[in-house]
Amino acid sequence: MNLVTLIDLAGTRHLPLLLSLSRRLATPVYRAAFLAAASRSGVLRRLAVRPCDLDTLASAIGVTEDRRLLRAWLDVGVRLGDLGFGDGCYRLRSRTARALADPANDAVAAALEEVARFHLPVLLNAPSMLRGGRRLTLGDQDGAVIARSTRVVQPFVQEAIRDVLDRRAPLRLLEVGCGSGIHVRYAAGLNPRLTALAIDLQEDVAAEAEANLAAWGLAGRVRVRRADLRDLDTEPQFDLVTMHNNIYYFPTGERTKVLEHARSLLAPGGRILLTTPCPGGSAGMQVLDLWFRYADFGGPLPRPEELADQLRCAGFTGIRARRLIPGEQFRAFVGVNRTPAPVPNAEERNS
Ligand SMILES: C[S@@+](CC[C@H](N)C(=O)[O-])C[C@H]1O[C@@H](n2cnc3c(N)ncnc32)[C@H](O)[C@@H]1O
């Protein structure tokens, strides 16, 4: 660098800012995107088995195109410190890459993918979407990824299920928006006499849930259907309706009607269990709220008192709400289908 360049640099303020942004902001975003794609493509799982050369890795993940382009992408991973390269082979290097490759952390890997593929775009595009009058649709999401990522709150949802579920009596469960089917599996494990109808709006999600529940040996006890709760027309036969992480898939103004419909499918005295993030939680939850505000089908995360009111207006009584995650706005709501007043018999009428 010559003296003139040095003097030029000293006169500008942007270089220190650029260096600081690059380290503190740009590099973490690049890593998030790279790791999300490496997880999604199967690169992390493959490298967790053993280090691979380019050709082996390309075949393992189904890349038949110009492999030099795959190399360029992998080399970014090396530059970011998540992959290593030596003796002609790529390997996992960072602790985060190794953790994300572990199938036990699949929900976290899916959550990272959700951040990279859905949260970043809504943050990036919100003002231009507003100017262009564009809204997000269900097709802007990937139901299969969301079904996996919501499992990050699985232990807390399970606590809410343990709280309401009768363990002995025969119990008919309707699970709305069943995702992977994991919560139905848990409920069926707690009560061996439970039978269930699990529905999901999205065809691929319902198909995956059906395959999962069959693999878990529950095909005889759980029926799975692709269905929209709003159109579901069955006898009022269920003892419990569960809605986990999906009330914000309905616009705020429609929620009372939706809950009323859920109640109409319950037997007298049946209950609803609804779990959901509410506003005021982590930044991730706030971006989730933003995503559904920008969706043409959903609405904001529900405020607890508003949701309790909607349950009441939908005809539920004995409404209980509680926080499931300390320090986070993830809550469970339980309500009872008010039992119709018993019809008095002739003797009672005349007394
Ligand atoms: C965030 S995912 C949650 C999945 C699962 N309940 C869980 O907690 O892991 C929400 C699911 O609700 C489903 N869903 C949304 N609206 C629905 C509707 N009207 N009827 C049935 N399912 C619906 C979506 O298709 C999606 O799979």
Side-chain angles (χ1 to χ4, degrees), residues 106-108 110-111 113-115 117-119 136-161 173-188 196-213 216 222-234 238 240-262 264-265 272-278 284-285 287-289 291-292 295-302 314 324-325 330-333:
D106 180 67
V108 181
E113 199 179 327
E114 180 179 343
V115 166
R117 290 178 58 201
F118 312 123
H119 289 199
L136 297 164
T137 66
L138 201 53
D140 288 310
Q141 241 194 24
D142 180 334
V145 171
I146 303 299
R148 285 165 51 220
S149 72
T150 14
R151 290 181 62 181
V152 290
V153 291
Q154 187 181 342
F156 307 103
V157 173
Q158 287 181 353
E159 180 180 322
I161 295 171
L173 167 70
L174 170 63
E175 170 116 334
V176 176
C178 62
S180 61
I182 194 77
H183 305 312
V184 180
R185 178 197 201 186
Y186 185 70
L197 172 62
I199 64 164
D200 201 285
L201 183 63
Q202 300 180 80
E203 190 78 59
D204 56 336
V205 178
E208 180 69 25
E210 189 167 26
N212 288 342
L213 287 156
W216 297 327
V222 183
R223 280 183 302 134
V224 182
R225 263 171 65 184
R226 192 225 71 86
D228 185 332
L229 167 65
R230 292 164 288 202
D231 306 328
L232 192 66
D233 186 16
T234 68
F238 296 100
L240 180 64
V241 173
T242 48
M243 294 180 71
H244 300 299
N245 302 303
N246 54 24
I247 192 67
Y248 42 89
Y249 279 69
F250 303 95
T252 311
E254 266 185 37
R255 289 178 192 166
T256 301
K257 207 163 144 227
V258 164
L259 294 169
E260 213 173 335
H261 186 60
S264 75
L265 305 172
I272 187 167
L273 166 64
L274 191 155
T275 58
T276 181
C278 294
M285 288 302 106
V287 180
L288 182 75
D289 174 270
W291 202 98
F292 280 90
D296 65 0
F297 60 92
L301 298 182
L324 290 170
I325 307 183
F330 187 67
R331 293 171 190 265
F333 296 79

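Counting convention: from 1, in listed order, for ligands and their atoms alike.
- Among the atoms of Gly177, some N or O lies under 3.5 angstrom from an N or O of ligand 1.
- Every atom of ligand 1 with a heavy atom of Asp228 under 4.0 Å away is listed here by number and element: 18 (C), 19 (N), 20 (N).
- Within the 4.0 Å heavy-atom cutoff, Phe250 counts among the residues contacting ligand 1.
- A donor-acceptor contact shorter than 3.5 Å is absent between the side chain of Arg331 and the backbone of Pro277.
- Atoms of ligand 1 lying under 4.0 Å from at least one heavy atom of Ala227, given by number and element, are 20 (N), 21 (C).
- Protein heavy atom closest to atom 20 (N) of ligand 1, with residue, atom name and distance, is Leu229 N, 3.0 Å.
- The shortest N or O to N or O distance between His244 and ligand 1 is below 3.5 Å.
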Show the numbers, then the answer: is there a side-chain contact (heavy atoms from CB on, under 4.5 Å) between Leu173 and Leu197?
-> CA-CA 6 Å; Leu173 167 70; Leu197 172 62; over 6 Å; no
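- Which parts of ligand 1 touch Ile146 is read off a 4.0 Å heavy-atom cut-off, strictly below it: atoms 1 (C), 2 (S).
- Between Glu254 and Arg230, at least one side-chain N (NZ, or NE/NH1/NH2) sits under 4.0 Å from a carboxylate O, which counts as a salt bridge.
- Between Glu114 and His119, the side chains place a donor N or O and an acceptor N or O closer than 3.5 Å (distance only, hydrogens not considered).
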Worked check of side-chain contact (heavy atoms from CB on, under 4.5 Å) between Glu175 and Ile199 | CA-CA 6 Å; Glu175 170 116 334; Ile199 64 164; over 6 Å; no
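- Proximity of a side-chain donor or acceptor of Asn246 to a complementary backbone N or O of Val176 within less than 3.5 Å is detected.
- In this structure the side chain of Leu301 never reaches within 4.5 angstrom of the side chain of Cys278, judged on heavy atoms.
- Every atom of ligand 1 is numbered from 1 in the order shown, and the set under 4.0 Å from a heavy atom of Gln202 is 24 (C), 25 (O), 26 (C), 27 (O).
- Considering backbone and side-chain N/O of Tyr249, none are found under 3.5 Å from N/O of ligand 1.
- Across Leu201, Ile182, Asp200, heavy-atom proximity to atom 25 (O) of ligand 1 is greatest for Asp200.
- The closest protein non-hydrogen atom to atom 8 (O) of ligand 1 is Asn245 ND2, 2.8 Å.
- With a 4.0 Å heavy-atom cut-off, ligand 1 is reached by the side chain of Arg230 but not by its N, CA, C or O.
- Applying the 6.0 Å contact sphere to CG of Asp233 captures no more than 12 heavy atoms from other residues, nucleotides or ligands.
- Ligand 1 places these atoms under 4.0 Å from at least one heavy atom of His183: 7 (C), 8 (O), 9 (O).
- With rounding to the nearest 0.5 Å, the separation of CG in Leu174 from CG in Leu229 is 7.0 Å.
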